Amino acid sequence: MTISTTTVTEGTNIMRKVFAGLFISLDGVVEAPDQWQHDFDEEMAAEMEAQLHAQDAVLLGRVTYLDWAAYWPTSTDEPFATMFNNMRKYVFSDTLETLEWNNSVLLKGDLATSIDELKRQPGKDIGVGGSVSLIRSLLQQDLLDELRLLVHPVVVGKGQRLFDDLPARQLHLAEARSTSSGTVILVYRKSA
C-alpha cells in the first residue's frame, strides 16, 4: 500500500497533507477503542505502520498529548514507541504552558493559520493522533485533507462519536478495503 506524501503544489512549494486515522465503531464511536476493539489483525497493523511512515509530525490536542506523554517515553511497544518519541509533536492547547516530552511544540491561537504554516514547511505528511476534538475542529474548518477510518464490526452503543455536531460535508471515498477480522479501512479525502 502506498500513501501519498504530497498533495497540493502552489508555485514551487509542495504542500504537506494533514490526515487523521481513527478506530471507529459501526455506530460512530471513537472513544476508548481499547474497550471494544476485539481484533487487531495484520492488515490493520500494516495500515497503522504505513500511516506512521507517511508522516514526520503529529498534531495533538491537550488530552491526547497528556495521555501519550505519560505512556510513550517509557514504552517498549515497538516500532511505535521509537517513532512517537522521535517524531515532532505539535500540541494545540490554550491551557498548557509547557511541554516536557521531547520534540514537542506548543501552538496557541488560530488553528487555520497554524495548520497553513505547518503544511508549508518541508517534510512528510502530518498526522493527527487521537484528539477527537481537534479532528472535529479540523473538519469544521475544512483543514483536514484526508480521513482514514478503521471501521470495526461492532456497535458500542455509547461513547464519544466523531461526527456529533458537525455541519454537513461531502467527502470523496478514495479507498475501501476489508481486513481478515472484518474491519473495513475507508480513506476519505476532501471533495474538489
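Source: prediction; values computed, not measured.
Each salt bridge (charged side-chain N to carboxylate O under 4.0 Å, His left out) pair with one or both residues in residues 64-82, not counting sequence neighbours, would appear here, but there are none. Note on residues 126-140: pairs passing side-chain hydrogen bond (donor to acceptor under 3.5 Å, both in side chains), not counting sequence neighbours, are Thr64-Ser131.
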(request) Could you give me the CA-CA distance, side-chain angles and deciding distance for Ser93 and Tyr65, then say whether side-chain contact (heavy atoms from CB on, under 4.5 Å) is met? (result) CA-CA 10 Å; Ser93 174; Tyr65 170 79; over 6 Å; no
(request) Take Leu134 and Leu60 through the side-chain contact (heavy atoms from CB on, under 4.5 Å) test and state the conclusion after the steps. (result) CA-CA 7 Å; Leu134 177 58; Leu60 301 167; 5.7 Å; no
(request) Go through the steps to decide whether Glu42 and Ser180 satisfy the test side-chain hydrogen bond (donor to acceptor under 3.5 Å, both in side chains), and finish with yes or no. (result) CA-CA 8 Å; Glu42 290 180 21; Ser180 58; over 6 Å; no
(request) Report the C-alpha distance between Leu147 and Leu162 in whole Å, list the side-chain angles of each, state the deciding distance to 0.1 Å, and finish with yes or no for side-chain contact (heavy atoms from CB on, under 4.5 Å). (result) CA-CA 11 Å; Leu147 182 60; Leu162 177 59; 4.2 Å; yes
(message) The test is side-chain hydrogen bond (donor to acceptor under 3.5 Å, both in side chains); show your working for Ser181 and Asp41 and say whether it passes.
(response) CA-CA 6 Å; Ser181 68; Asp41 57 43; 2.6 Å; yes
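Contact annotation: the side chain of Asp56 approaches that of Arg16 to within less than 4.5 Å [non-hydrogen atoms, C-beta and beyond]. Met48 places a side-chain heavy atom less than 4.5 Å from the side chain of Leu150. Put simply, the side chain of Pro153 reaches to within 4.5 Å of the side chain of Thr183, judged on heavy atoms. Put simply, the side chain of Val105 does not reach to within 4.5 Å of the side chain of Leu99, judged on heavy atoms. Side-chain contact between Leu59 and Leu118 is present, with at least one heavy-atom pair separated by less than 4.5 Å. Met15 has its side chain within reach of Asp116: a pair of non-hydrogen atoms, C-beta onward, lies under 4.5 Å apart.
Side chain of Lys190 to main chain of Asp142: a donor-acceptor pair is present (N/O by atom type, distance under 3.5 Å, no hydrogens or angles). A donor-acceptor contact shorter than 3.5 Å is absent between the side chain of Asp145 and the backbone of Lys17. Glu146 contributes no side-chain N or O that, together with a main-chain N or O of Phe19, makes up a donor-acceptor pair within less than 3.5 Å. Of the possible polar contacts, one joining the Asn102 side chain to the Asn85 backbone as a donor-acceptor pair under 3.5 Å is found. The backbone N or O of Leu96 sits less than 3.5 Å from a side-chain atom of Lys108, completing a donor-acceptor pair. Judged by distance alone, with hydrogens and angles left aside, the side-chain atoms of Arg62 form no donor-acceptor pair with the main-chain N or O of Thr95 at under 3.5 Å.
In terms of the ring-ring contact (aromatic ring centres under 6.0 Å, His included) criterion, residue partners of Phe84 (sequence neighbours excluded) are, by chain and number, Trp68, Trp72.
By the 4.0 Å N-to-carboxylate-O rule, Glu175 lies too far from Arg189 to be salt-bridged with it. Under the 4.0 Å criterion applied to side-chain N and carboxylate O atoms, Arg148 and Glu47 are assigned as salt-bridge partners.
Shortest non-hydrogen contact noted between Ile135 and Ala20 is CD1-CB, 3.7 Å. When all heavy atoms are compared, the tightest approach of Ala176 to Leu186 is CB-CD2, 3.6 Å. Nearest heavy-atom pair across Met83 and His53 is CE-CE1, 3.0 Å. Residues Asn103 and Met87 come closest through the heavy atom pair CB-O, 3.4 Å. The nearest pair of heavy atoms linking Val156 to Asp27 is N-OD1, 3.2 Å. Pairing each heavy atom of Gln51 with each of Gly21, the nearest pair is OE1-CA, 3.6 Å.
A donor atom on one side chain and an acceptor atom on the other are not found under 3.5 Å apart for Glu117 and Gln121.
Val29 is not connected to Leu149 by any chain of hydrophobic side-chain contacts under 4.5 Å among Ile, Leu, Val, Met, Phe, Trp and Tyr, and they are in different clusters. The hydrophobic cluster containing Ile185 also contains Val154, counting ILVMFWY residues as joined when their side-chain heavy atoms lie under 4.5 angstrom apart, directly or transitively. There is a path of hydrophobic side-chain contacts, each under 4.5 Å, that joins Ile126 to Val128. Residues Trp36 and Val184 fall into different hydrophobic clusters, defined by Ile, Leu, Val, Met, Phe, Trp and Tyr side chains chained together at heavy-atom separations under 4.5 Å. Both Val132 and Leu139 are members of a single hydrophobic cluster when ILVMFWY side chains are connected at heavy-atom separations under 4.5 Å.
In this structure, CG on Leu106 lies 12.5 Å from OH on Tyr90, to the nearest 0.5 angstrom. Between the OG atom in Ser25 and the NZ atom in Lys158 there is a gap of 13.5 Å [rounded to 0.5 Å]. Atom CG of Asp125 sits about 12.0 Å away from atom CG of Leu52, to the nearest 0.5 Å.
Arg161 CZ: more than 12 foreign heavy atoms inside a 6.0 Å radius. The environment of CG in Asp165 is sparse: at most 12 heavy-atom neighbours from other residues, nucleotides or ligands sit within 6.0 Å.
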